[in-house]
**Student:** 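Once you've had a glance at the structure underneath, I'll fire off some questions.
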2 protein chains.
Amino acid sequence: MNAPTKPKTKRGKTRREQILRAAERVIGQRGFTDASIAEITREAGTALGTFYIYFSSKEEVFRELVAEMGHMTRAVLAEATTPADSRLQAEYLGLKAFLRFVADHPALYRIVEEARFVDPEAYKDYFTSFAEAYRRQLNRATQTETIRPGNAEVRAWALMGMAKTLGERYVLWGESDDLDQIADDAFDLIRHGLEP
Amino acid sequence: MNAPTKPKTKRGKTRREQILRAAERVIGQRGFTDASIAEITREAGTALGTFYIYFSSKEEVFRELVAEMGHMTRAVLAEATTPADSRLQAEYLGLKAFLRFVADHPALYRIVEEARFVDPEAYKDYFTSFAEAYRRQLNRATQTETIRPGNAEVRAWALMGMAKTLGERYVLWGESDDLDQIADDAFDLIRHGLEP
DNA sequence: TCAAAACATGAATTATGATTCATGTTTCAT
DNA sequence: ATGAAACATGAATCATAATTCATGTTTTGA
């Protein structure tokens, strides 16, 4: 229950990481409730009690995974959209990159969504900080008149919602072998929606 | 564990309904995991064991609530969009009605979203049947050339995702006293996105 | 009116799994 | 090389509820 301190030795860092990765797999696969510490440590190849050397509770690993996912998503999207020379192109590249990212990390993405119920605070942080950055981008584009004037915050949430749901439907539920086509079809809506 | 049969008497019907409504309140408030049968029956004003006369498990009431929500949502949206004389107007009326509905039934809406993790089957049914109807509407509008040609299925999911997320952000999280304004702002995106 | 069918009760039973802890083992700075 | 700090172990402890069931009470149909 007391907050464990960061590992001091090389062995410690390795173990902690093993457990974190195992937690990602197990919780991503089974969901928070059905995932047990026993299975996580079995998967990590350590004893049950070792878990509590590095994490104070099941909720805590979960929280860390959500935060980690926040950093990854922001990094991936920032990276993917840098080459864009217009807001609309950034939207296009961002949507594709997001869908690809979900496809590459389905477990992590499921965890983020489950956070809504397991750790609402972490969930809110994830999307709020994302939306904030998004809003800024859209505002800038509005001022440059690259896109039609409009409520940037509402747009940010609307566009995030679109991407989230498409990711869930076409990536997590499978049923689509051509993500780029999905992104193209959705982008048609976005482009006309934002264009001056 | 054995599937309870429908109640035969008037008293039975009443009790079952009391418990169902109590479950809606408690699960909607606390979430599936934290809601206990004890609290549900306390809230319903009956004994603990009575629950199992009408439902075989906690999952079962949950499933029934999700299904109920499916009917309600479809009914409300069908109702709200009938007066529309164009697809775009239907989109506008539908979005407003949806946000208002979420505002009126936050607990029920939370339950639907939690179904993704508690009862994926029910969750999938809810959105798939919704999307199917939506797709049909959009397709019809495409053929009538009321809206620009495009992939109706992808559009259906994209638009649902938008509405879902706006509902979560501006209705469930509060922070907006003017839902109609939100709907208007979002509709600007939708209108230009779909317009011929 | 009366016996069967329905329904109601809540204490007792179970199941599950998170968390702790007493007892080793390993690492590392000196 | 060595002792203190770190780390590892897994059986035992705890807590929490879901579910059952033996025992009443109420309703209903003939």
**Student:** Could you work out, with side chain to side chain contact (heavy atoms under 4.5 Å, CB included) as the rule, every residue matching A/Glu64, not counting sequence neighbours?
**Tutor:**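 Residues passing side chain to side chain contact (heavy atoms under 4.5 Å, CB included) with A/Glu64: A/Arg16, A/Leu20, A/Phe55.
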**Student:** Roughly how many Å is it from NZ in A/Lys13 to P in C/dT26, rounded to a whole number?
**Tutor:**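 For the pair A/Lys13 NZ and C/dT26 P, the rounded distance is 20 Å.
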**Student:** For a quick test of reading the model: is some side-chain N or O of B/Tyr52 closer than 4.0 Å to OP1 or OP2 of D/dT20?
**Tutor:**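 B/Tyr52 to D/dT20 OP1/OP2: no side-chain N or O under 4.0 Å.
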**Student:** Within this structure, what is the CZ-to-P distance between B/Phe55 and D/dT20, rounded to whole angstrom?
**Tutor:**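 Computing the B/Phe55:CZ to D/dT20:P distance gives 15 Å.
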**Student:** Ion pair present between A/Glu168 and A/Arg110, side-chain N to carboxylate O less than 4.0 angstrom?
**Tutor:**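 No, no charged N to carboxylate O under 4.0 Å.
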**Student:** Can we call the ring centroids of A/Tyr109 and A/Phe98 under 6.0 Å apart?
**Tutor:**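 Judged by ring-centre distance (under 6.0 Å), A/Tyr109 and A/Phe98 do meet the cut-off.
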**Student:** Side chains of B/Glu60 and B/Tyr54: does their closest heavy-atom pair fall under 4.5 Å?
**Tutor:**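 No, their side chains stay 4.5 Å or more apart.
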**Student:** What N/O pairs connect the protein and nucleotides 9-13 of chain C at under 3.5 Å? Give each pair on its own line.
**Tutor:**
residue: C/dT9; atom: OP2; partner: B/Ala47; partner atom: N; Å: 2.9
residue: C/dT9; atom: OP2; partner: B/Thr50; partner atom: OG1; Å: 3.1
residue: C/dG10; atom: N7; partner: B/Gly49; partner atom: N; Å: 3.0

**Student:** I need the NZ-P distance between B/Lys8 and C/dA5, as an integer number of Å.
**Tutor:**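 Result: 12 Å.
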**Student:** Do A/Arg136 and A/Glu132 sit within salt-bridge range, that is, some charged N less than 4.0 Å from a carboxylate O?
**Tutor:**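 A salt bridge links A/Arg136 with A/Glu132.
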**Student:** Do other residues, nucleotides or ligands put more than 12 heavy atoms under 6.0 Å from B/Arg30 CZ?
**Tutor:**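 Check fails, neighbour count at 12 or below.
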**Student:** Could you check which residues of residues 57-69 of chain B get a heavy atom under 4.0 Å from DNA chain D? Sort them by number, please.
**Tutor:**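 Nucleic-acid contacts, sorted: B/Ser57, B/Lys58.
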**Student:** State which of D/dA6, C/dA8, C/dC28 makes the closest approach to the side chain of B/Tyr54.
**Tutor:**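 For B/Tyr54, the side-chain atoms sit closest to C/dA8.
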**Student:** When you compare the side chain of B/Thr73 with that of B/His105, does any pair of heavy atoms fall below 4.5 Å?
**Tutor:**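 No - every pair of side-chain heavy atoms lies 4.5 Å or more apart.
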**Student:** Measure from CZ on A/Arg42 to C1' on C/dG17 and round the result to the nearest Å.
**Tutor:**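 Going from A/Arg42 (CZ) to C/dG17 (C1'), I get 12 Å.
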**Student:** Looking at B/Thr9, I'd like to know whether one of its side-chain N or O atoms comes within less than 4.0 Å of OP1 or OP2 on D/dT27.
**Tutor:**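 No, no such contact exists.
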**Student:** For the helix from C/dT1-D/dA30 to C/dT30-D/dA1, what is the angle between the axes at its two ends, each from 5 pairs, rounded to 10°?
**Tutor:**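 Angle reported: 20°, given to the nearest ten degrees.
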**Student:** Tell me, which of residues 31-39 of chain B have any heavy atom that sits under 4.0 Å from an atom in DNA chain D?
**Tutor:**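 Result for residues 31-39 of chain B: B/Ala35, B/Ser36, B/Ile37, sorted by number.
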**Student:** Sequence neighbours left out, what pairs pass side-chain hydrogen bond (donor to acceptor under 3.5 Å, both in side chains) with at least one residue falling in residues 154-166 of chain A?
**Tutor:**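 As it turns out, the side-chain hydrogen bond (donor to acceptor under 3.5 Å, both in side chains) pairs with a partner in residues 154-166 of chain A, which skip direct neighbours, are A/Tyr123-A/Lys164, A/Arg155-B/Asp188.
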**Student:** Under a 4.5 Å side-chain heavy-atom rule over Ile, Leu, Val, Met, Phe, Trp and Tyr, are A/Phe127 and B/Phe117 clustered together?
**Tutor:**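 Per the 4.5 Å side-chain linkage, A/Phe127 and B/Phe117 are not co-clustered.
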**Student:** Tell me, yes or no, whether the heavy-atom count around B/Gln89 atom CD, taken from other residues, nucleotides or ligands under 6.0 Å, exceeds 12.
**Tutor:**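 Enclosed.
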**Student:** State, with a plain yes or no, whether a side-chain heavy atom of A/Lys96 is found less than 4.5 Å away from one of A/Leu179.
**Tutor:**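 Result no, sub-4.5 Å side-chain heavy-atom pair not found.
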**Student:** Check A/Arg63 with A/Glu59, please: is the shortest side-chain N to carboxylate O separation under 4.0 Å?
**Tutor:**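 So A/Glu59 does not pair with A/Arg63 through a salt bridge.
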**Student:** Any ion pair linking A/Glu121 and A/Lys124 (charged N to carboxylate O, less than 4.0 Å)?
**Tutor:**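 Between A/Glu121 and A/Lys124 there is no salt bridge, as every charged N stays at least 4.0 Å from the carboxylate O atoms.
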